[in-house]
Asks: 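This is the structure I want to talk about, given as structure tokens.
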Amino acid sequence: MIHPSDYRCMARALRLAQRGLYSTDPNPRVGCVIARDGEILGEGWHQRAGEAHAEVLAIKAAGDQTRGATAYVTLEPCNHQGRTPPCTEALIKAGVARVVMASNDPNPQANCGALQRLREAGIEVERGVMEAEALALNPGYVSRMTRSRPWVRIKMAASLDGRTAMASGQSKWISSAAAREDVQYWRARSSAILTGVGTVLADDPSLNVRLDGVERQPLRVVVDSHLSTPDSAKLFASTGGVLIVTTSDDKNYSERLRSAGAEVMLLPASTGGVDLAEMMAQLGQQQINEVMVEAGATLAGALLTANLVDELIVYLAPHLMGNQARGMFNLAALEQLGDRIALDIVDVRPVGRDWRIQAKVTRSVAKGG
């Protein structure tokens, strides 16, 4: 039976889980609270892969008070031996009387028999408390486990008339300093930053996280069909891995890039270049949860056309750039209103002098029309 205090304790566990937003990758962000009659006795959150899980830290914080208490955990406790022992056994050993969890773990290895194991030990189990909020913390982890590919988020900075650069390619700076700082937080939570070789050649970006206190750098991924990424690119001068995805089997150039510090992934060619769906599947196999795309209209449009985009983060700046300036997405002409790519706007807020729009893709590009 669910009690009002269950929601208060789970809300606290979710706030704890958020503390791992930038550090737990590739593991999910998880929080745990140990409480009795709504009074919190101990709490913890998963901080880094390979380190103690949230349940273990909360049990340690509560000490002997765990016996007969309730454990609130945002994700189903693991029931397998990985880099750390199973959390189900830790909860049983601690003597908790009840476990309330927000959501099941979509990882088939992690959720193998967890609820049954707890119930066999005489522990009451409740699930589904604030499930949507818990899943929203881990879109990439859920996507990787259920679709075998990462959650893909495109970031764009545009003028109010939807332009991302002048016809000459000049784009610094469309958005404000506050918006550019905000982007750093989106980068920090991402497993990888994806761009195209055209952006590398035009802008020579570093694509790294520049925030105090953030230790983990995302993988930088460059879609480069014909291998033209220079080995002097700034990508190689900053910390964090670099992956070049190509269809070219030019071994000499590949070796140059490897010598500069890159990994080179050779994929089959598809219409227009790299097979983007296969690339995302390969990134999923490398435990990449969330991909943030910072690219031009060609790659952004190709990802949308391939139905590989889950979310858009758009910073709209308060100016107009004219109809000769470059647009946000290169998409094939749509003849019917019904062919539109539908979006669900989930958040709109001011960031400096700009407006940030967060939207989820709810209807894919029509195929075969």
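When a residue number appears, it is its place in the shown sequence, counting from 1.
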Asks: Considering the options Arg144, Lys360, Arg153, Arg147, which one meets the salt bridge (Lys or Arg N to Asp or Glu O under 4.0 Å) requirement together with Asp310?
Replies: Arg147
Asks: Mind checking the CZ-OG spacing from Arg356 to Ser175? Nearest 0.5 Å is all I need.
Replies: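 So the CZ of Arg356 and the OG of Ser175 are separated by 12.5 Å.
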Asks: Can you list the residues that meet the side-chain hydrogen bond (donor to acceptor under 3.5 Å, both in side chains) rule with Asp354, with sequence neighbours excluded?
Replies: Ser176
Asks: Flag yes if more than 12 heavy atoms outside Glu39 fall under 6.0 Å of its CD atom; otherwise flag no.
Replies: no
Asks: Which atom names give the shortest non-hydrogen contact between Pro77 and Met101, and what distance separates them?
Replies: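 Heavy atoms of Pro77 and Met101 come nearest at CD-SD, 4.1 Å.
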Asks: Grab the two heavy atoms, one from Ala179 and one from Tyr315, that are nearest each other, plus how far apart they are.
Replies: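 Ala179 and Tyr315 have their closest heavy atoms at CB-CD2, 3.7 Å.
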Asks: Side chains of Glu294 and Thr199: closer than 4.5 Å at any heavy-atom pair?
Replies: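 In short, these two side chains do not touch, never coming nearer than 4.5 Å.
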Asks: Please list all pairs meeting ring-ring contact (aromatic ring centres under 6.0 Å, His included) that have one or both residues in residues 14-47, counting only residues at least two apart or in different chains.
Replies: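 Listed once each, the pairs are His46-His53.
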Asks: Can you see which heavy atom on Leu57 is nearest to which on Gly44, and at what distance?
Replies: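 Heavy atoms of Leu57 and Gly44 come nearest at CB-CA, 4.0 Å.
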Asks: Any side-chain heavy-atom pair from Asn323 and Arg163 closer than 4.5 angstrom?
Replies: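 Answer yes - side chains close enough.
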Asks: Atom CD in Glu290, atom CZ in Arg187: separation rounded to 0.5 Å?
Replies: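 Answer rounded to 0.5 Å: 15.0 Å.
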Asks: Donor-acceptor pairs under 3.5 angstrom involving side-chain atoms of residues 122-129: please list them, not counting sequence neighbours.
Replies:
residue : atom : partner : partner atom : Å
Glu126  : OE2  : Met1    : N            : 2.2
Arg127  : NH1  : Asn104  : OD1          : 3.3

Asks: With a 4.5 Å limit on heavy-atom distance, are the side chains of Trp355 and Leu160 in contact?
Replies: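 In short, these two side chains do not touch, never coming nearer than 4.5 Å.
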Asks: Are there more than 12 heavy atoms of other residues, nucleotides or ligands under 6.0 Å from atom NE2 of His226?
Replies: no
Asks: Do Arg349 and Asp182 sit within salt-bridge range, that is, some charged N less than 4.0 Å from a carboxylate O?
Replies: no
Asks: Is the closest side-chain donor-acceptor distance between Glu120 and Gln116 under 3.5 Å?
Replies: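 Distance-only check passes for Glu120 and Gln116.
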Asks: Kindly write out the residues that satisfy side-chain hydrogen bond (donor to acceptor under 3.5 Å, both in side chains) with Gln285, not counting sequence neighbours, or none if the list is empty.
Replies: none
Asks: Counting distance only, does the side-chain N/O of Ser190 pair as donor-acceptor with the main-chain N or O of Val291 below 3.5 Å?
Replies: no
Asks: How many angstroms lie between atom CG of Asp344 and atom CD of Glu311, to the nearest 0.5 angstrom?
Replies: 10.5 Å
Asks: Residues in side-chain hydrogen bond (donor to acceptor under 3.5 Å, both in side chains) with Arg210, at least two apart?
Replies: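 If we apply the side-chain hydrogen bond (donor to acceptor under 3.5 Å, both in side chains) test to Arg210, skipping adjacent residues, the hits are Asn208.
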Asks: Just checking, is any N or O donor in the side chain of Thr298 or Asn330 under 3.5 Å from an acceptor N or O on the other one?
Replies: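 Yes, Asn330 and Thr298 have a side-chain donor paired with an acceptor closer than 3.5 Å.
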Asks: Between Arg29 (side chain only) and Asn138 (backbone N and O only), is there a donor and an acceptor less than 3.5 Å apart?
Replies: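 No.
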Asks: Heavy-atom count check: over 12 atoms from other residues, nucleotides or ligands less than 6.0 Å from Asp347 CG?
Replies: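 Counting other residues, nucleotides and ligands, CG of Asp347 exceeds 12 neighbours.
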Asks: Between atom OG of Ser259 and atom CZ of Phe236, what is the distance when rounded to the nearest 0.5 Å?
Replies: 10.0 Å
Asks: Judged by atom type as modelled, is there a donor-acceptor pair below 3.5 Å linking the side chain of Ser23 to the main-chain atoms of Arg48?
Replies: no
Asks: Side chain of Asp105, backbone of Asn107: donor and acceptor closer than 3.5 Å?
Replies: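 Yes; at least one donor-acceptor contact below 3.5 Å.
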Asks: Roughly how far, to the nearest 0.5 Å, is the NZ atom of Lys155 from the CG atom of Leu312?
Replies: 12.5 Å
Asks: If the condition is side-chain hydrogen bond (donor to acceptor under 3.5 Å, both in side chains), which residues does Ser225 pass it with, not counting sequence neighbours?
Replies: none
Asks: Compare every heavy atom of Thr66 with every heavy atom of Ile59, then report the nearest pair and how far apart it is.
Replies: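 Closest pair (atom of Ile59, atom of Thr66, distance): O-CG2, 3.8 Å.
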Asks: Give me the atom names and distance for the closest heavy-atom approach of Met130 to Leu14.
Replies: CE-CD1, 3.8 Å
Asks: Please report the interatomic distance CZ(Arg117) to OG1(Thr88), rounded to the nearest 0.5 Å.
Replies: 6.5 Å
Asks: Give a yes/no verdict on a cation-pi contact between Arg256 and Tyr253, requiring under 6.0 Å between NZ or CZ and the six-membered ring centre and an angle within 45° of the axis.
Replies: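 Arg256 over Tyr253 ring: yes.
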Asks: Quick one: closest heavy-atom pair of Ala17 and Thr74, and the distance?
Replies: CB-OG1, 4.2 Å
